[in-house]
Amino acid sequence: MGADTRVNVEYVSANPTGPMHMGHCRGAVVGDALATLLEFAGHDVTREYYINDAGGQVDTLARSAHLRYREALGEDIETIPEGYYPGDYLIPVGKALAAEFGDQYLGQPEENWLIVFRTAAVDKMMDLIRADLALLGIEHDVFASEAALHKAGKPDEAEAWLRAHDLVYDGVLEAPKGKAPPEDWESVELPLFRSTKFGDDQDRPIKKSDGKWTYFGADLAYHMQKAEACDALIDIWGADHAGTVKRIKAAVAALSEGKGKPTPFDVKLVQMVQLMRAGEPLKMSKRSGNFITIADMVEEVGKDVVRFTMLTRKPEAQMDFDFAKVVEASKDNPVWYVQYAHARIQSNLRKALEEEGISPSGDALEQLGAEELALIRKAAQFPREVEAAAKAREPHRIAFYLYDLATELNAFYSLGNTDPEKRFILKHNPGLSQARLFLADAIGQVLRNGLRLLGVEAVDRM
RNA sequence: GUCCCCGUAGCUCAGUUGGAUAGAGCGUCGGAUUCCUAAUCCGAAGGCCACAGGUUCGAAUCCUGUCGGGGACACCA
């Protein structure tokens, strides 16, 4: 492809209010694999994470941290009240805050400590999140802070520009139609972005009635900021945000076209994952703060299994993740099967060298027959497969391709069971043996390359 | 009520972005093994590509509608 364009891939962007749970997992893996895939295809990729550190949720986080801070200083806080984050992960944060500040924020009104606690708690949460992402082998290049965006006045800039072009106006939202009748509906005049001009169902407010920016108002400025530094934008979102795709696309179209630099922008929606164990769905209670974290998943089945499995389905289709099935050692477990093929190749290469002194060589490739050629053809498809997957922005195709390649490798390998002449290691015919090992080595290479694209390590023995 | 995603073999899913007889795995049935990793391999049966229209020389693929599953719909993030 060699397009050599700068592509910004934003993924994960989980709220900095706790550790990552399984709901973030698929988007994280898909985004990361996509980024790698685009890099491999010759793009200059930026992996970006947007930190929502300016909304009401981080205030709740700060208050929850303050509660744990009081606890760390000896107070019995008993049960965590409604409206606070109950998770145990805030206990060490409270201790750290107590160690850092002593009792100076005890018994103080909120305005005296909220900002301090918010900043400190968000930092700690981001450390947590970065650690969780590292478990999945994920590392972002840029962590963009929403608060910093506000401080830099980006939303104001965007608003001014949009107003100047009659794309933002002050207006009143219509009450929501349909099944959910308005309960405490008030009609207020708000600054609205004309997203209907770009196919949205409704114009969208960029500021709230208290004058603060809405999430959308900030996000719009954020996308503008990203677009200034690259040639194409990709966002990976959970499917629960599908309803906001139109407005943000409208915003990017309006701003980037208006400013003379139309920026292609793609939002990839990733569907929910249903966790299962041996066919039974796992239910988790959000209320108690008890959910299955990414750390739990990685600890139980390993990074490679989590990553590969998340890529064995197209992202926009719902999927199950069965803790029992993903570690099964059989052909219906793609992770295992691809690894098995690679280990088998490595095992043969080792054995050939150590026991027979035969190493791969391309000197006698003309001795290879029709079956080997079919295998070579399959392996040779790899670059085209990568190109197609990159163009379609669908990393899961690589996973399916690797599975197919493993199938063909194993099929050829099995010919040697009934016909000893079809084996890789042939003592009486070193030339052919070298050629077949050369082929095996090449396929091993393709498997490794493909797995690396997915962020999965190939194993040499199992 | 509106919007988005999905609907392909009994089950779980691919399908190279409109091209020839629609492909895997599991399951079922029938085979292969004194084996370089059999945790594997080969073969068979099994499809009106949800349904109905439309566009096209040509549709699983694009458009419209219906049905079914999932998700989202105030100034939350």
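Sequence lines set the chain letters: A, B, ... in the order given, protein chains first and strands last, and positions in each chain run from 1.
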Under 4.0 Å between any heavy atoms, over every strand shown, what does [X] touch: base, sugar-phosphate, or nothing? Just pick one.
X        : answer
A/Gly56  : sugar-phosphate
A/Gln318 : base
A/Tyr413 : base
A/Met462 : base
A/Lys246 : sugar-phosphate
A/Ala352 : nothing
A/Ser347 : base
A/Ala411 : sugar-phosphate
A/Thr407 : nothing
A/Val245 : nothing
A/Arg384 : nothing
A/Gly416 : base
A/Ser209 : base

Rounded to whole Å, please give me the gap between [atom1] in [X] and [atom2] in [N].
X        : N      : atom1 : atom2 : result
A/Gln381 : B/rG23 : CD    : P     : 15 Å
A/Lys325 : B/rA39 : NZ    : P     : 22 Å
A/Glu394 : B/rU17 : CD    : C1'   : 8 Å
A/Asp203 : B/rA74 : CG    : C1'   : 14 Å
A/Gln202 : B/rC75 : CD    : C1'   : 11 Å
A/Met272 : B/rG71 : CE    : P     : 9 Å
A/Ile345 : B/rU40 : CD1   : C1'   : 14 Å
A/Asp460 : B/rC36 : CG    : P     : 20 Å

Pairwise [atom1] distance, [M] and [N] [rounded to whole Å]:
N      : M      : atom1 : value
B/rC62 : B/rG7  : P     : 10 Å
B/rA9  : B/rG25 : P     : 16 Å
B/rG69 : B/rG30 : C1'   : 37 Å
B/rC26 : B/rG46 : C1'   : 14 Å
B/rU12 : B/rC73 : C1'   : 32 Å
B/rA74 : B/rG65 : C1'   : 30 Å
B/rG15 : B/rA60 : C1'   : 8 Å
B/rG54 : B/rA59 : C1'   : 12 Å

Fill in: Check: A/Asn417 side chain, B/rA38 base, donor-acceptor under 3.5 Å
yes
Measuring from the side chain of [X] (C-beta onward, heavy atoms only), which nucleotide among [options] has the closest atom?
X        : options                : result
A/Trp336 : B/rA77, B/rU37, B/rU40 : B/rU40
A/Tyr340 : B/rU37, B/rC26, B/rC41 : B/rU37
A/Ala388 : B/rU16, B/rC76, B/rA77 : B/rU16
A/Arg397 : B/rU16, B/rA77, B/rU37 : B/rU16
A/Tyr215 : B/rC26, B/rU37, B/rA77 : B/rA77
A/Asp240 : B/rG25, B/rG71, B/rC13 : B/rG71
A/Arg344 : B/rC75, B/rC13, B/rU40 : B/rU40
A/Arg313 : B/rC36, B/rU40, B/rA14 : B/rA14
A/Val188 : B/rC75, B/rC6, B/rC41  : B/rC75

Worksheet entry | Aromatic ring proximity, centroids under 6.0 angstrom, A/Phe412 and A/Phe424 |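 Yes, the ring centres sit under 6.0 Å apart.
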Item to complete: For residues A/Phe323 and A/Phe321, establish whether the separation of their ring centroids is below 6.0 Å.
Response: yes
Discussion item. On RNA chain B, does the nearest nucleotide to A/Ile425 precede the nearest nucleotide to A/Glu385 from the 5' side, or the other way round? Give the residue.
Written reply: A/Glu385
Item to complete: Nearest-nucleotide wise, let me know which of A/Lys314 and A/Leu415 is further upstream toward the 5' end of RNA chain B.
Response: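 Its nucleotide being nearer the 5' end, the pick is A/Lys314.
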Carboxylate-amine/guanidinium proximity below 4.0 Å for [X] and [Y]:
X        : Y        : value
A/Glu372 : A/Arg436 : yes
A/Asp332 : A/Lys325 : no
A/Lys226 : A/Asp219 : no

Looking at [N], which nucleotide sits across from it as a Watson-Crick or G-U wobble partner, both distances under 3.5 angstrom, or is there none?
N      : value
B/rG1  : B/rC73
B/rA50 : B/rU66
B/rG18 : none
B/rA60 : none
B/rG30 : B/rC42

Practice prompt. Answer yes or no for this row: A/His241 ring on B/rG71 base, centroids under 5.5 Å, planes under 30°.
Written response: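 So A/His241 does not count as stacking on the base.
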Looking at [N], I'd like to know if its phosphate oxygens (OP1 or OP2) sit under 4.0 Å from a side-chain N or O belonging to [X].
X        : N      : value
A/His396 : B/rG15 : yes
A/Lys331 : B/rC41 : yes
A/Lys351 : B/rC36 : no
A/Asn348 : B/rU37 : yes
A/Lys249 : B/rC3  : no
A/Tyr401 : B/rG23 : no

When you compare the side chains of [X] and [Y], does any donor N or O come within less than 3.5 Å of an acceptor on the partner?
X        : Y        : answer
A/Tyr340 : A/Asn410 : no
A/Asp231 : A/Thr5   : no
A/His428 : A/Glu421 : yes
A/Asn15  : A/Thr17  : no

Discussion item. Can you confirm if the NZ or CZ of A/Arg63 lies within 45° of the ring axis of A/Tyr84 and under 6.0 Å from the centre of its six-membered ring?
Written reply: no
